[in-house]
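A quick write-up on the structure given underneath.
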Amino acid sequence: MPNRWLAKQEPSAYSFEQLKRDRITMWDGVHNNLALKHIRNMRPGDLVLFYHTGKEKRAVGIMQVTSKPYPNPEEADERFVVVDVKYKKPLRRPVTLAEIKQNRKMAGWDLLRISRLSVMPVPKDVWDEVIRMSEQA
């Protein structure tokens, strides 16, 4: 069973729509130690919720890890690792941070506890709940 993650990005910097056009990209720009630790634990086949930060604050789609972590070729420091990800599919409906905060099943999730963290694990029950919420009109 693949691990599940959430990765945040400001849509003006790189949006889910851009990933859809590109099909595959290197997920870079992460410098926080805890977020880097999470990237180091990613494996090919893992699923990732693409979360738009900034004004949107919502989970918008799913991507899949296609590579093992490797040093960012654009950084001099090898501790800055990246993974390659590919577009998988949009959520049927974006799930907003406000909706997530209102759902008791999300209590304790890093998205709510460590709001500035850009990459984090998503427990299976939380993942399933986000997917369920996205399928509601």
Side-chain angles (χ1 to χ4, degrees):
M1 173 140 293
N3 291 314
R4 292 168 177 85
W5 308 92
L6 178 139
K8 295 179 179 179
Q9 185 57 265
E10 172 67 51
S12 62
Y14 192 83
S15 69
F16 190 66
E17 284 302 310
Q18 184 64 49
L19 176 61
K20 183 178 180 180
R21 287 189 293 275
D22 295 345
R23 304 305 294 172
I24 193 162
T25 194
M26 178 178 73
W27 198 263
D28 64 355
V30 176
H31 291 105
N32 173 281
N33 285 328
L34 183 54
L36 286 167
K37 176 185 171 196
H38 294 320
I39 288 179
R40 285 186 199 99
N41 287 319
M42 289 181 170
R43 296 295 172 257
D46 285 358
L47 299 174
V48 185
L49 281 173
F50 194 122
Y51 183 93
H52 280 173
T53 60
K55 292 178 183 168
E56 288 191 30
K57 292 185 178 66
R58 60 190 190 166
V60 295
I62 299 172
M63 52 190 180
Q64 188 169 31
V65 177
T66 62
S67 74
K68 290 182 178 177
Y70 60 94
N72 185 339
E74 298 171 11
E75 299 260 10
D77 189 336
E78 286 195 6
R79 73 184 188 91
F80 297 125
V81 293
V82 297
V83 290
D84 295 333
V85 294
K86 70 176 181 180
Y87 174 87
K88 191 107 170 111
K89 65 180 183 180
L91 293 178
R92 184 167 291 157
R93 176 186 70 78
V95 178
T96 67
L97 179 61
E99 290 176 275
I100 291 169
K101 285 180 175 179
Q102 291 171 356
N103 188 320
R104 282 190 293 246
K105 294 179 181 177
M106 306 295 185
W109 184 23
D110 287 351
L111 182 64
L112 303 178
R113 291 184 331 101
I114 314 171
S115 62
R116 307 239 344 127
L117 189 62
S118 64
V119 178
M120 65 194 67
V122 181
K124 183 178 182 331
D125 58 330
V126 170
W127 179 279
D128 292 344
E129 186 65 9
V130 170
I131 300 305
R132 186 193 67 75
M133 291 167 72
S134 79
E135 292 172 348
Q136 292 181 325

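Reckoned from all heavy atoms, side chains included, excluding hydrogens, waters and symmetry mates.
- The closest donor-acceptor contact from the side chain of Arg104 to the backbone of Lys101 lies at 3.5 Å or more, if one exists at all.
- Both Val85 and Phe80 are part of a single hydrophobic cluster, where members link through side-chain heavy atoms under 4.5 Å apart.
- Between Asn41 and Asn3, every side-chain heavy-atom pair lies at or beyond the 4.5 Å cut-off.
- Tracing side-chain contacts under 4.5 Å through hydrophobic residues (I, L, V, M, F, W, Y), one reaches Val119 starting from Met63; they form part of the same cluster.
- When all heavy atoms of Gly45 and Pro2 are compared, the closest pair comes out as O-CB, 3.3 Å.
- Closest non-hydrogen pair, Arg43 versus Pro69, comes out as NH1-CD, 3.4 Å.
- Of the inter-residue distances, the one linking Glu129 atom CD with Asn103 atom CG reads 4.5 Å to the nearest 0.5 angstrom.
- Residue Val122 is grouped with residue Leu97 when hydrophobic side chains (ILVMFWY) are merged at heavy-atom distances under 4.5 angstrom, including chains of intermediate members.
- Taking the side chain as every heavy atom from C-beta outward, Val30 and Asn72 never approach each other to under 4.5 Å.
- Residue Glu78 qualifies as open at atom CD: its count of foreign heavy atoms under 6.0 Å is 12 or below.
- What you find for Tyr51 and Ala59 is that their closest heavy atoms are CD1-N, 3.6 Å.
- A 4.5 Å side-chain heavy-atom check between Met133 and Met106 finds at least one atom pair inside the cut-off.
- Criterion: ILVMFWY side-chain heavy atoms under 4.5 Å apart, direct or through other members. Under it, Ile24 and Leu47 are not part of a common hydrophobic cluster.
- Counting heavy atoms from C-beta on, the side chains of Asp22 and Tyr87 never come closer than 4.5 Å.
- Between His38 and Trp5, the ring planes are tilted. Angles from 30° to 60° get that label.
- With Arg92 contributing its side chain and Ser134 its backbone, the two residues share no donor-acceptor pair below 3.5 Å.
- Without hydrogens or angle criteria, Ser67 side chain to Asp84 main chain gives a donor-acceptor distance under 3.5 Å.
- Under the 4.5 Å side-chain heavy-atom criterion for grouping Ile, Leu, Val, Met, Phe, Trp and Tyr, Ile62 is not connected to Phe16 through any hydrophobic cluster.
- You'll find the side chain of Pro44 reaches within 4.5 Å of the side chain of Lys68, heavy atoms only.
- Contact check for Leu6 versus Trp109: side-chain heavy atoms found under the 4.5 Å cut-off.
- Here Lys88 contributes atom NZ and Leu49 contributes atom CG; the two are 13.0 Å apart, rounded to the nearest 0.5 Å.
- The heavy-atom pair separating Glu10 from Gly54 by the smallest distance is OE1-CA, 3.2 Å.
- The minimum heavy-atom distance linking Asp46 with Met42 is given by the pair OD2-CA, 3.5 Å.
- Here Glu99 pairs with Arg93 under the salt bridge (Lys or Arg N to Asp or Glu O under 4.0 Å) rule; sequence neighbours left out.
- Looking at Lys8, its side chain does come within 3.5 Å of a backbone N or O of Ser115 through a donor-acceptor pair.
- Of the inter-residue distances, the one linking Ile100 atom CD1 with Leu111 atom CG reads 5.5 Å to the nearest 0.5 angstrom.
- The backbone N or O of Val48 lies less than 3.5 Å from no partner atom in the side chain of Trp127, so there is not a single donor-acceptor pair.
- Contact of the Val60 side chain with the Leu91 side chain is not registered, since no non-hydrogen atoms from C-beta on lie closer than 4.5 Å.
- Note on Glu135 versus Arg132: no salt bridge recorded, every NZ/NE/NH1/NH2 to OD/OE distance being 4.0 Å or above.
- Connectivity analysis of hydrophobic side chains (ILVMFWY, heavy atoms under 4.5 Å, direct or indirect) links Tyr70 to Met26, Val82.
- Pairing each heavy atom of Val83 with each of Ile39, the nearest pair is CG1-CG2, 4.0 Å.
- Between the CD atom in Gln9 and the CZ atom in Phe50 there is a gap of 6.0 Å [rounded to 0.5 Å].
- Proximity of Leu36 to Arg79: side-chain heavy atoms (C-beta onward) are separated by under 4.5 Å at one or more points.
- More than 12 heavy atoms of other shown residues, nucleotides or ligands fall within 6.0 angstrom of atom CZ in Arg21.
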